[in-house]
Amino acid sequence: MKMAVASWRRCVVMSLRLLFLLPAGLPVRSQGESQSDNKQMDNITIRQGETLFLSCSQGDFVTHTAWLNRSSILYAGEDKWSVDPRVSLVTLNQDEFTIKIEDVDLTDEGQYICAVQTSRRPRTTSVHIIVQVPPKIVNLSKDLVVNEGSNVTLMCLANGKPEPAIVWRIISPSDDSLSSDNEVLEIPFISRYRAGVYECTAANDIAVDTQTVELTVNFPPSISDGRDVGVTLGQRGVLLCEADAVPEADFEWYRDDRRIFNGFDGIEIEDDGPLSKLTFFNVSEADYGNYSCVAINKLGSANTSIVLYVVTASVLEMTSSDLEHTAFENNDLLEGPGAVQDGSSGTSTVFTPTCLLLIVLLHLLLKF
């Protein structure tokens, strides 16, 4: 019995292939030597993952019908021959024969044939299915950490149909001058200013896929010039040191050749990212002098000098009005060699308050 069933199935397959898979234009004789009707439908384009409906008209006096994909029989009448669970029968009557394929994939692309055998002659309708696949980035460079001056290569590979176009650009910080329309982005002798987030975009007619790579560039510290600070005896004073470095720099403070540690003689050292602060809460005579700040990371070091100098209380308390008042009361200053004499009247012309202020300030600075 089993042998008979298997023999019958092989007979049906061979019969369908002989009946429906004849090349277009090959004459098939039946009922008055008529030829088979072969119709080519327009291509159908569908996106990956969508559902495909394949339909052909039946007509009267249909004896056999089948949907075929290349050399495989999907349906022969109501009998399903395909083992693919995505394929199912939608409609089968004297007017229409429709099947559907769910979750279409790239492997479903190709030619499909609807073959109909009537009492008069066979008829075939063929259609070519084109499956479009959205782009997907499948190989992307990992986040990178490199030293300044290195040669950097970033790679981005993507699949898709139509073949996606690849574009590289830096998005943080934004820089339109650094971009590429190739799968590979090469950056020779990279500088610290090229560090940031790089974006790879793969695009075709269907969709866009985007992924990013973070590029970190290590470089030795570069330190800002220190600003000297004047503080009155007994007051609070702060020395600031700022350095740009990747990785972040560690700071060291020195007085002459002696290193200063946090808490040393009432001094506080506080580091916050690129900034270091050396704080004197009660400046003494011994605190005045030259200090050095050194910024260090694994690639190098940099240093700067800062002077803590004394400012007398009298200078701080003296206002501009006080200076003007003092200048006007000083006859030597008004009548001395600094006064300008009017040649016609012999009277003296007194300095303006602004000029007097500048003279007094210059005198005080020269004392230091």
Side-chain angles (χ1 to χ4, degrees), residues 148 173 192-193 195 217-330 332-333 338 351-368:
E148 191 171 41
R192 66 193 69 181
Y193 308 108
V217 179
N218 292 332
F219 57 91
S222 57
I223 200 165
S224 303
D225 290 338
R227 298 183 62 180
D228 297 342
V229 176
V231 181
T232 303
L233 191 66
Q235 298 299 310
R236 181 175 181 269
V238 179
L239 305 184
L240 298 178
C241 181
E242 187 172 7
D244 187 21
V246 176
E248 281 189 349
D250 295 320
F251 291 93
E252 296 178 358
W253 285 92
Y254 292 86
R255 171 71 184 274
D256 299 324
D257 293 331
R258 183 182 59 173
R259 183 174 177 181
I260 303 171
F261 294 94
N262 192 30
F264 176 80
D265 288 345
I267 297 174
E268 180 183 83
I269 299 175
E270 183 181 1
D271 296 339
D272 184 13
L275 184 66
S276 182
K277 294 193 298 183
L278 180 68
T279 303
F280 302 86
F281 292 99
N282 186 6
V283 174
S284 66
E285 288 281 0
D287 292 328
Y288 295 119
N290 184 63
Y291 292 82
S292 296
C293 172
V294 181
I296 306 168
N297 71 5
K298 63 182 182 180
L299 297 180
S301 65
N303 65 82
T304 187
S305 295
I306 304 172
V307 175
L308 180 67
Y309 61 90
V310 63
V311 176
T312 61
S314 59
V315 173
L316 294 176
E317 293 171 358
M318 186 177 295
T319 63
S320 60
S321 59
D322 294 331
L323 291 172
E324 292 173 9
H325 180 72
T326 302
F328 276 109
E329 291 180 347
N330 189 339
D332 292 337
L333 181 59
F351 286 107
T352 64
T354 302
C355 183
L356 290 172
L357 178 61
L358 291 174
I359 292 173
V360 174
L361 289 175
L362 179 61
H363 177 70
L364 291 172
L365 291 174
L366 290 175
K367 292 174 65 178
F368 295 104

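We count residues from 1, following the sequence as given. Here the structure is a predicted model, which means the values were calculated and not measured.
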Is any side-chain heavy atom of [Y] closer than 4.5 Å to one of [X]?
{"X": "Val229", "Y": "Tyr309", "answer": "no"}
{"X": "Glu242", "Y": "Ile223", "answer": "no"}
{"X": "Leu308", "Y": "Ile306", "answer": "no"}

Could you walk me through whether Thr232 and Val310 satisfy the side-chain contact (heavy atoms from CB on, under 4.5 Å) test, starting with their C-alpha distance in whole Å, then the side-chain angles of each, then the deciding distance to 0.1 Å, before giving a yes or no?
CA-CA 6 Å; Thr232 303; Val310 63; over 6 Å; no
Inter-residue atom distance [X].[atom1] - [Y].[atom2], 0.5 Å rounding:
{"X": "Cys241", "Y": "Leu278", "atom1": "SG", "atom2": "CG", "value": "10.0 Å"}
{"X": "Glu252", "Y": "Ser292", "atom1": "CD", "atom2": "OG", "value": "11.5 Å"}
{"X": "Leu239", "Y": "Asp287", "atom1": "CG", "atom2": "CG", "value": "9.5 Å"}
{"X": "Asp272", "Y": "Glu248", "atom1": "CG", "atom2": "CD", "value": "8.5 Å"}
{"X": "Thr279", "Y": "Ile267", "atom1": "OG1", "atom2": "CD1", "value": "9.5 Å"}
{"X": "Arg258", "Y": "Ile260", "atom1": "CZ", "atom2": "CD1", "value": "7.0 Å"}

Check [X] against [Y] and note the closest heavy-atom contact, atom names and distance.
{"X": "Gly266", "Y": "Phe281", "result": "O-CD1, 3.4 Å"}
{"X": "Ala195", "Y": "Val217", "result": "CB-CG2, 3.7 Å"}
{"X": "Cys293", "Y": "Phe251", "result": "SG-CD2, 3.7 Å"}
{"X": "Pro221", "Y": "Gly300", "result": "CD-O, 3.4 Å"}
{"X": "Arg236", "Y": "Val231", "result": "O-CG1, 3.7 Å"}

Taking OH in Tyr193 as the centre, count heavy atoms belonging to other residues, nucleotides or ligands within less than 6.0 Å. Is the count above 12?
no
Counting heavy atoms not belonging to Arg259, are there more than 12 under 6.0 Å from its CZ?
yes
Testing the 3.5 Å rule here: is there a donor-acceptor pair between the side chains of [X] and [Y]?
{"X": "Ser276", "Y": "Trp253", "answer": "yes"}
{"X": "Ser222", "Y": "Asp244", "answer": "no"}
{"X": "Tyr291", "Y": "Arg255", "answer": "yes"}

Looking only at atom types and distance, does a side-chain atom of [X] sit under 3.5 Å from a main-chain N or O of [Y], one as donor and one as acceptor?
{"X": "Asn297", "Y": "Ala249", "result": "no"}
{"X": "Thr304", "Y": "Gly226", "result": "yes"}
{"X": "Asn262", "Y": "Ile269", "result": "yes"}
{"X": "Asn218", "Y": "Glu148", "result": "no"}

May I have the step-by-step check of side-chain contact (heavy atoms from CB on, under 4.5 Å) for Gln235 and Val283, ending in yes or no?
CA-CA 6 Å; Gln235 298 299 310; Val283 174; 5.7 Å; no
Phe280 ring center within less than 6.0 Å of Tyr288 ring center
no
